[in-house]
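Keep in mind that this is a model prediction, so the values were computed, not measured. Below, each value reflects all heavy atoms present in this structure, side chains not excepted, and no hydrogens, waters or symmetry copies. Every chain is numbered from 1, with letters handed out A, B, ... down the list of sequences.
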Number of protein chains: 4
Amino acid sequence: MRIVGGKVIVCSPGRNFVTVKLETEDGIYGLGDATLNGRELAVASYLGDHVLPLLEGRDARRIEDIWQFLYKGAYWRRGPVTMTAIAAVDAALWDIKGKALGVPVYQLLGGASRDAVLVYGHASGGTIDETVDAVGRYVAAGYHAVRAQCSVPGLTDTYGVGRGDHYEPAVRTQLHEPRWSSTRYLNFVPSLFERLRAVFGPDLHLLHDVHHRLTPIEAGRLGRALEPHHLFWMEDPTPAENQESFRLIRQHTTTPIAVGEVFNSIFDCHRLIEDESIDYIRTTVVHAGGISHLRKIASLAELHHVRTGSHGATDLSPVCLAAALHVDLSVHNFGIQEYMPHAADTDRVFPHAYRFEGGVMYPGDTPGLGVDIDEELAATFPYQRAYLPVARLTDGTVHDW
Amino acid sequence: MRIVGGKVIVCSPGRNFVTVKLETEDGIYGLGDATLNGRELAVASYLGDHVLPLLEGRDARRIEDIWQFLYKGAYWRRGPVTMTAIAAVDAALWDIKGKALGVPVYQLLGGASRDAVLVYGHASGGTIDETVDAVGRYVAAGYHAVRAQCSVPGLTDTYGVGRGDHYEPAVRTQLHEPRWSSTRYLNFVPSLFERLRAVFGPDLHLLHDVHHRLTPIEAGRLGRALEPHHLFWMEDPTPAENQESFRLIRQHTTTPIAVGEVFNSIFDCHRLIEDESIDYIRTTVVHAGGISHLRKIASLAELHHVRTGSHGATDLSPVCLAAALHVDLSVHNFGIQEYMPHAADTDRVFPHAYRFEGGVMYPGDTPGLGVDIDEELAATFPYQRAYLPVARLTDGTVHDW
Amino acid sequence: MRIVGGKVIVCSPGRNFVTVKLETEDGIYGLGDATLNGRELAVASYLGDHVLPLLEGRDARRIEDIWQFLYKGAYWRRGPVTMTAIAAVDAALWDIKGKALGVPVYQLLGGASRDAVLVYGHASGGTIDETVDAVGRYVAAGYHAVRAQCSVPGLTDTYGVGRGDHYEPAVRTQLHEPRWSSTRYLNFVPSLFERLRAVFGPDLHLLHDVHHRLTPIEAGRLGRALEPHHLFWMEDPTPAENQESFRLIRQHTTTPIAVGEVFNSIFDCHRLIEDESIDYIRTTVVHAGGISHLRKIASLAELHHVRTGSHGATDLSPVCLAAALHVDLSVHNFGIQEYMPHAADTDRVFPHAYRFEGGVMYPGDTPGLGVDIDEELAATFPYQRAYLPVARLTDGTVHDW
Amino acid sequence: MRIVGGKVIVCSPGRNFVTVKLETEDGIYGLGDATLNGRELAVASYLGDHVLPLLEGRDARRIEDIWQFLYKGAYWRRGPVTMTAIAAVDAALWDIKGKALGVPVYQLLGGASRDAVLVYGHASGGTIDETVDAVGRYVAAGYHAVRAQCSVPGLTDTYGVGRGDHYEPAVRTQLHEPRWSSTRYLNFVPSLFERLRAVFGPDLHLLHDVHHRLTPIEAGRLGRALEPHHLFWMEDPTPAENQESFRLIRQHTTTPIAVGEVFNSIFDCHRLIEDESIDYIRTTVVHAGGISHLRKIASLAELHHVRTGSHGATDLSPVCLAAALHVDLSVHNFGIQEYMPHAADTDRVFPHAYRFEGGVMYPGDTPGLGVDIDEELAATFPYQRAYLPVARLTDGTVHDW
């Protein structure tokens, strides 16, 4: 089954998405998400200018071979642009294989290991009261797990706080450089979760995203302060390029730790996993080399009591969300899946089989990934340059956003 | 001194190069190399579509701030495309600072730590005899250090072996997938260096590039087998994503180890350096985040008896070579610089102040980096798609090229 | 640009200072602080008798080369006297380079990474009430960060407690040997910070200096006892010659740890940093080998989530304070700068461009370091022997002061 | 027994020496060596300007208390100048105690653990033949252990090679900056020891001093190459500030390793000893804090199978040599003592009880250290500025001398 063509589709139905479409000689095509928030066109070029010409004529069934061909064959390895491009091709090949065999992709990954995929939603508010209300709305909507973020008093802008239940940090046209104070944040956050536990009782899964803002010792302090409120996880507590740094956090707290949306390969997290410094590995299909590579990460994690917790914000297209759900359903050591519903325009451009129901999701049983793209409609939403914010400390120093 | 404009120049005077040109309000401009062999246009897009629009209006003197802004501000960090783009901007800013202050860049990096920069050349041959002849030509040309590669009997194609003294692995238009056998290689290489030592005596610096082909234990075997011929270094003995793997090589041989052309940040090599598993760190300006970041790597290396050995093949433009020479001249723990002369067309497009003389190089004393670009001439050499080869084992398995 | 002369200026405008002045053939001169509190003349001799004669005729632009020449060339390395002497020469060479190029030194160090330099002041009192008042005065003066020290009941003399807001531990002519009890101290300090937090709320940065008085396990106890009051840092918790000892403190508390004013080279702290046993490295320009070496320490620290927290008591001259501010403004991982205003006579002898305003400092934009020395005025304040106190336990055992 | 006076005597009977003389109320005086080759006057100032005024009135019998008083009380600790000054005071106090009690110092250190002190001499030559002859002269003179150094072909100047059997690297007035090539050295040295073993048979103790010139991996190579010639030790194989680096050498060779003349305190070598990375610790009385501190180092070394190998070149005065011999005779884990006879003028200025006989030395049984100083004669040899050489690589880079 030779690959006979491929294209890169860039569109912006609500926000920017990059999609790869690979076509085979027998007319089957596969889709892969290639969206890298704020750096979309670099991936589109990587794919369109350098990768697609190499795929023509190759056997679409040799997924592992093509993965290695693109990874080792590029010579220059790893990193977000490269691995996102490879991930898109990999996901498209799994989509093709599923369609060719007439089965949903999870059936090719060992079949379902569970009935459904537990997800968590994003609640946020400008005050603790507003955040309590927002969490309440998610509970009412059937969610068993909710991530809670709240504006920090004294800061004009806090990560994760949207308008109503919508949150999209990438801003079109103009870059935003908000100021940040870890001191104010650290002094405030425990009171948020004290209140949430008081209101919602002990059983609701509460999650929180630190979003790389703290040093390891600050993260240790926060983890310890949050212990009475037993979070499901504390996410991205510190910048993670230096994996050894998580050992320090680990010494100081039993609050479970999640990290991984910024990782692009197993080499970015193998020490974290082998040291058992984390509890959830949040690598996602589109940024960590696709379904093939993500399964290897999950496999290592299983050995070390680490569960998956796939990133699933709206900066990933429905194609990636579907791929994630197939992986979630199949790997033994699944933990939880992040879920933010896409904008209505996005859903129209990417019709899909997956669905949310009662706090869990199902990938559906359509052959392949179960997501299509309406190319004509997509063409009506041209790319619009947008940027994630750049955080600065109150003195102007660039900080981790 | 505000940045008022920038552009990305892609040209192919002999081979492809990507160059960033940043302009400031006072008319001074700076150049940075952004060439990523075989993935050039992805970097060009990263810069042109995503980075340059962010730089307008920023103060060109705040080099560190802009570096952090691009690194942390992208959210998605590390990897070859990202770090090459950042490197190009960083080098251009150092070029601007040097020109603005009227001094060559090395004067801004602490001044010269030595008289000149020791370089090594690339000798290769289809047989041991031819390789001996090639090394002899380098010695006759004044080189004190020569890298020797030789076709392995039984393989139709061996890394590092060119035609005459020219070697360019990237092939235009068509991808090459040569077959590889580590067994044949391991059995052959020691005889090459036994012969070279017999011919050239003990004091000529002989280098060899394994080019990632061996497992750690094979590399240990090779290193030990080469000990009687005391190489200057054994380069890239094994794939390096897993830094801990070098400990095994290190246990088994005193042959000095060099690695780093594939690294894009300090996080790709900090364990190698802190564990003192290597002797030379070969990170280069263009692929490791620019002059600012490379100095941080060099500084860490100095603490741990590791010297620099900057990659310098012709896949880096004269702008990068100049930047490397300024770093080489200034850091205390310089080791050696790789040097392959560029094609005549390349030299014409990029007039430069650096020069080779008697086995060493000098960056020259022109303010800034000392390299310019003839944009009109560059425009006469349009980009031509080209690929590095992809190695496969004799059974067809993708291998590390 | 040859060095044609140099001199060592010893003066005592309020307290003792040693200053190096290097002159170049083109008439530019540079200043470096060489003050080592209580051992000033040994450094003056090291410089005047052994170093200055070696510098004549050397190229003032080769800062790194001269650093290595003095460091490796002395054969006997490290230690306070040696590294202070080298630091003075290094700072003077950066001063010269800045003047020669017409820019403030921070522009040569990568430019400004922030708007201004956060500083902390020294508040102390004989009682908790007095300390509360003292902290209040700093807050009223605009400080965002205050170090608080208080007399320990039952001890006649406590480190860090001055008269009013003035504190100068070095006493002229006569040595002071106060008695010390860690038991009393450990039982008292938490109540000080409980009170300060109650009065000043959660966001004021409170710092405390243990000044090497505790064993590691005592420091672990104190750190944990202070956690509810979340200090900015706990400084110098235990004597630091044995870097491994900090691991024990680190296991037991999330109170951030600062250390470094007693360190003279990267070798005194590299294990602390690489093990991530501390949060702030307080090495300072004058005692840690100058700007060139301090940047290498900062670079290592950046890799390991450690920020700078430069020592800045009045035992450093305005020349050192200026140099520190240039480094503070430029390195990415700056944390905080200690600041004690100098005596009026000191400020008159050393006219300077830096200024304090609203809790932060600015190095100013005068070319070079921005500090001069009025040699005639300096000559009116001859050196006066003075000693730091020597602490003894209540049983008379010499203890760490 | 109060200290009532002290002075610092600087003289140059053949070479520079700094000597401390402490006087007590009962008329007994003690001597301590304070010589720091090339930086003598800084130590003289440290003692004369800062330390001696603090000693008046203190009880000379409280040696440990005064040591701690000077070490901890200076606040700024460690390093060559500080520790040499403290060492001189410490040795003088032991001299006083011995004289007061009418016994040689070794009797106060636990008494003699052996009959005599094994020493090694310094043989060198411009060629292997000359070196063989020089070793032969030492053997003929009764030496059981000889250090052999030889000029490296192609280098104009090699460490350790003197004229005849005299070697004094410090050069009066003018600094020498010889060029160095580790490549040439490494290729040459094994042949020297192959020859020496052939000539002198297996039982003569042969030593060699690398003098910090190699990287750890180069030292590993040399150690392995020397194994067939089973050296007594390979000295100072690599710069030793980073103690962890010796682990690498240790992995690769069973050639015994000695290091320590550059160390000034137990903190400079405790990791080397606790890791058992070395076999001989060569710290010496004058540079490592005196007899009191050296015994603590020896004590730690005993725990870890490390023996002493005290530095004893002529840059230490007869006062230090005597002190070393008392320590050598008394500690259980003594290994060997370096011995270079002083110039005749030196011996006249410092009449002494120790003697060399049949390859071993005896401290003598004169009360105290057994060395005096003829102050009148000393005054006829005024200080003459002199410098140790500064090594540079062939490209001009400052290297470790």
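B:H144 is not listed as a side-chain neighbour of D:T394, based on a closest heavy-atom distance of 4.5 Å or more.
Of all non-hydrogen atoms in D:T215 and B:H305, the two that sit nearest each other are CG2-O, 4.4 Å.
Residues passing the ring pair (Phe, Tyr, Trp, His ring centres under 6.0 Å) test with D:H304: none are found, sequence neighbours excluded. Applying the salt bridge (charged side-chain N to carboxylate O under 4.0 Å, His left out) rule to D:E177 yields the partners C:R58, D:R392; only residues at least two apart in sequence or on another chain are considered.
How far CG of D:N242 is from CD of B:E274: 10.0 Å, rounded to the nearest 0.5 Å. Remark: B:L329 CG to D:D395 CG distance equals 9.0 Å, nearest 0.5 Å.
Between B:D279 and D:R221 no salt bridge is recorded (no basic side-chain N to carboxylate O distance below 4.0 Å).
Heavy-atom neighbours of chain D within the stretch residues 246-254 of chain B, taken at a separation under 4.5 angstrom, comprise B:R250, B:Q251, B:H252, B:T253, B:T254.
Residue D:S181: no heavy atom, backbone or side chain, is found under 4.5 Å from chain B. Both the backbone and the side chain of B:L303 come within contact range of chain D, with heavy atoms under 4.5 Å apart.
The ring-ring contact (aromatic ring centres under 6.0 Å, His included) analysis of residues 217-237 of chain D, with sequence neighbours excluded, yields the pairs D:Y120-D:W233, D:H205-D:F232, D:F232-D:Y280, D:W233-D:Y280.
Heavy-atom pairs under 4.5 Å with chain B peak, among D:V398, D:N187, D:T183, at D:N187.
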